[in-house]
Amino acid sequence: MEKENIAVGLDIGTTKIVAMIGKKNEYGKLEILGVGKSKSLGVKRGVVDNITQTILSIQQAVLEAETNSGYKIQDVVVGIAGQHIRSIQHSDYISRSNAEEVIGNKDIDLLINQVHKLAMLPGEEIIHVLPQEFKIDGQSEIKEPIGMCGGRLESSFHVVVGQASSIRNVGRCIQSSGIELSGLTLEPLASADAVLSQEEKEAGVALIDIGGGTTDLAIFKDGIIRHTAVIPFGGNVITDDIKEGCSIIEKQAELLKIKFGSAWPGENKDNEIVSIPGLRGREPKEISLKNLSKIIHARVVEIIEQVFVEIKAYGHEDPRRKLIAGIVLTGGGAQLNHIKQLVEYITGMDTRIGYPNEHLAGNSDEEISSPLYATAVGLVMNSIENNTQSAYKVQGVAPEKAPVYNAPVDEVKEVEEEKTIEVVLQNQKPMPAEDSTETRIRKSFFDKYVDKIKDFLDNAE
């Protein structure tokens, strides 16, 4: 029997944890075999702050994915994000003893290893070193130095840095959940894999992934990653603002945001009202959708302006650094009504919503092709690139007969939360769906890092 290349991605987010099992079909598309989703209880702003809760959430998502697919998960590629991530630009060089000898992989590795020895702030660890353009004996803008000759090999690097303790905690959560860590990918890079086309990366594009706890940014130009940043705000702060501004509970605020929220207050008329049941027999609350949109608008503007500061820091106003393809929005926050128009208004850049469905097989569930799952799809694609056998078929167990997870009381309540809002609404127009554009699979930057992080976790005290 031929060995299947089954890939597994694990997206540990602030709002949800997603385990996704997939494989490439005969047409080179990604066929999703099973998805497990659980509420993320031990993660704040992309950083694990409660290991026990995170382990339980991971186990629940993994069990659900195994139940849906009939496969047993062995190892996963996990996404790393959080407010501790930062990136720096750095240039370095090596002098070669024999200038006539052809430059090979060992010279590139020597140069990259030299950058890995950079002195970082206390407690920080270099997650990855991404070479950009090379320079050989003064000849600049060389993209592929292998095969050329020269005495001095120089390169500019994009160096991604994070807190060593945060990375170690993620690794420990996975190992304690009974699965192995096969790879680590920066989450904005995974999302970029899933929703960006090679043409967009060449032309210049900024990917904004609006998650629950963080908003991730990845900028590409000439097909190379140029800038990454993690802004410690996401959809959860919008929910908090609604909760405080309308004096309602969090579950109601989240439902209001998802069902009726808009980032553009002018779209709502004054007579559009939502009625929310009071707690324990109290009088119901009436909330104007115009006021709701004003609350959301204020916070979304703040998030987008912070991202725009990072885009300016990259230097997009320089004609040589111009982002011709503009901005691509993805993540759960990208589903907010009129956010595309607001981003275009603030930045003056062309914007589209990024869906991961270009890489998915035609028979995929519609829910999986939502921007919500962009990072998870990117992580599965990354796992496929690693060519690992991350899951195996459980013999004699049909997916529907696999063991069913008994949800705690909190989760049962959450299923019923749809009933907590009674709607009195006029003139609400449905929003048209965004079109997605073509994207293609790119080889991940993180292949070489897998062994290093494994050793790092194994040797950690």
Polar side-chain atom of Asn50 near backbone of Gln53 as donor-acceptor pair, under 3.5 Å: yes
Donor-acceptor pair, Asn68 side chain versus Val35 backbone, under 3.5 Å? yes
For residues 146-158, pull every pair meeting salt bridge (Lys or Arg N to Asp or Glu O under 4.0 Å), keeping only residues two or more places apart or in separate chains. Arg152-Glu154
Between Glu133 and Arg226, is there a side-chain N and carboxylate O pair less than 4.0 Å apart? yes
Donor-acceptor pair, Glu180 side chain versus Gln175 backbone, under 3.5 Å? no
In short, Glu101 meets Arg96 closest at the heavy-atom pair O-NH1, 3.0 Å
Is there a donor-acceptor pair under 3.5 Å between the side chain of Glu100 and the backbone N or O of Cys149? no
Restricting to non-hydrogen atoms, name the atom on Val195 and the atom on Ala374 that form the minimum distance, rounded to 0.1 Å. CG1-CB, 3.9 Å
Any donor and acceptor pair, going by atom type alone, linking the side chain of Thr330 with main-chain N or O of Gly354 inside 3.5 Å? yes
Stepwise side chain to side chain contact (heavy atoms under 4.5 Å, CB included) check, Asp75 with Ile179: CA-CA 5 Å; Asp75 56 63; Ile179 45 181; 5.9 Å; no
Thr228 versus Val160: any side-chain heavy-atom pair under 4.5 Å? yes
Short side-chain to backbone donor-acceptor contact, Thr54 and Gly42, under 3.5 Å: yes
Can you tell me how far the OG1 atom of Thr214 sits from the NZ atom of Lys44, to the nearest 0.5 Å? 14.5 Å
Are side-chain heavy atoms of Pro265 and Lys294 found at a separation under 4.5 Å? yes
Would you confirm whether Ser383, through its side chain, and Val8, through its main-chain N or O, come within 3.5 Å as a donor-acceptor pair? yes
Leu189 side, atom CG; Ser191 side, atom OG - distance, nearest 0.5 Å: 8.5 Å
Begin with the C-alpha distance, continue with both residues' side-chain angles, and end with the deciding distance and a verdict on side chain to side chain contact (heavy atoms under 4.5 Å, CB included) for Val343 and Leu329. CA-CA 9 Å; Val343 171; Leu329 291 172; 3.8 Å; yes
Just so I know, are the side chains of Ile88 and Met120 near enough to count as touching, which here means a heavy-atom distance under 4.5 Å? yes
Distance, nearest 0.5 Å, that separates CD1 of Ile17 from CD of Glu64: 12.0 Å
Walk me through whether Lys221 and Glu200 qualify under salt bridge (charged side-chain N to carboxylate O under 4.0 Å, His left out). CA-CA 8 Å; Lys221 178 74 177 174; Glu200 283 176 315; over 6 Å; no
Can you tell if the side chain of Ile311 reaches within under 4.5 Å of the side chain of Ile327, non-hydrogen atoms only? yes
Assess the residue pair Phe233 and Gln306 against the criterion (side chain to side chain contact (heavy atoms under 4.5 Å, CB included)); give the C-alpha distance rounded to whole Å, side-chain angles, the decisive distance to 0.1 Å, and a yes or no. CA-CA 9 Å; Phe233 297 108; Gln306 287 210 32; 3.2 Å; yes
Inspect the surroundings of CD in Glu141 and state if more than 12 heavy atoms from other residues, nucleotides or ligands are less than 6.0 Å away. no
Indicate yes or no: at least one non-hydrogen side-chain atom of Leu110 is less than 4.5 angstrom from one of Lys106. no
Nearest 0.5 angstrom please: Ile58 CD1 to Ile73 CD1, how far? 11.0 Å
For the residue pair Ala334 and Pro371, what are the closest heavy atoms and their distance? CB-CB, 4.4 Å
Identify the heavy atoms of Ala253 and Thr239 that sit nearest to each other, and give their distance. CB-O, 3.7 Å
Contacts of Tyr314 that satisfy ring pair (Phe, Tyr, Trp, His ring centres under 6.0 Å) - sequence neighbours left out: none
Please collect all salt bridge (Lys or Arg N to Asp or Glu O under 4.0 Å) contacts where either partner lies in residues 302-316, sequence neighbours excluded, each pair once. Arg299-Glu302
Minimal heavy-atom distance between Asp107 and Ile103, with the atoms involved, is OD2-CA, 3.5 Å
When you look at Arg86 and Glu124, which way does the salt bridge (charged side-chain N to carboxylate O under 4.0 Å, His left out) test go after all the steps? CA-CA 10 Å; Arg86 66 186 183 97; Glu124 279 192 333; 2.8 Å; yes
Side-chain donor or acceptor of Glu144 paired with backbone N/O of Ile146 under 3.5 Å: yes
Test item: Ser40 and Val43 side chains (from C-beta on) under 4.5 Å apart, heavy atoms: yes
Can you find a heavy atom in the side chain of Asp92 that is under 4.5 Å from one in the side chain of Leu111? yes
Does the Asp216 side chain pair with the main chain of Val230, one donor and one acceptor, at a distance under 3.5 Å? no
Please answer whether the main-chain N or O of Gly46 pairs with a side-chain N or O of Thr14 as donor and acceptor at a distance below 3.5 Å. yes
Measure the OG1-NZ distance between Thr351 and Lys340 for me, rounded to the nearest 0.5 Å. 6.5 Å
Is the shortest side-chain heavy-atom distance between Met148 and Ile142 below 4.5 Å? yes
Test His316 against Phe308 for ring pair (Phe, Tyr, Trp, His ring centres under 6.0 Å), laying out the working first. CA-CA 10 Å; His316 80 295; Phe308 198 37; 5.5 Å; yes
Should the heavy atoms of other residues, nucleotides or ligands under 6.0 Å from NZ of Lys143 be counted, would the total exceed 12? yes
Evaluate the side chain to side chain contact (heavy atoms under 4.5 Å, CB included) criterion for residues Leu379 and Met20: first the C-alpha distance (whole Å), next the side-chain angles of each, then the deciding distance (0.1 Å), finally the verdict. CA-CA 9 Å; Leu379 292 170; Met20 191 177 276; over 6 Å; no
Measure the spacing between OG1 of Thr215 and CD1 of Ile304 and express it to the nearest 0.5 Å. 7.0 Å
So for atom CD, which belongs to Gln89, do other residues, nucleotides or ligands contribute more than 12 heavy atoms lying within a distance under 6.0 Å? yes
Can you name the nearest heavy-atom pair linking Ser155 to Phe134, along with the distance? CB-CD2, 3.5 Å
Taking the six-membered ring for Trp, are the ring centroids of His338 and Tyr345 within less than 6.0 Å of each other? no
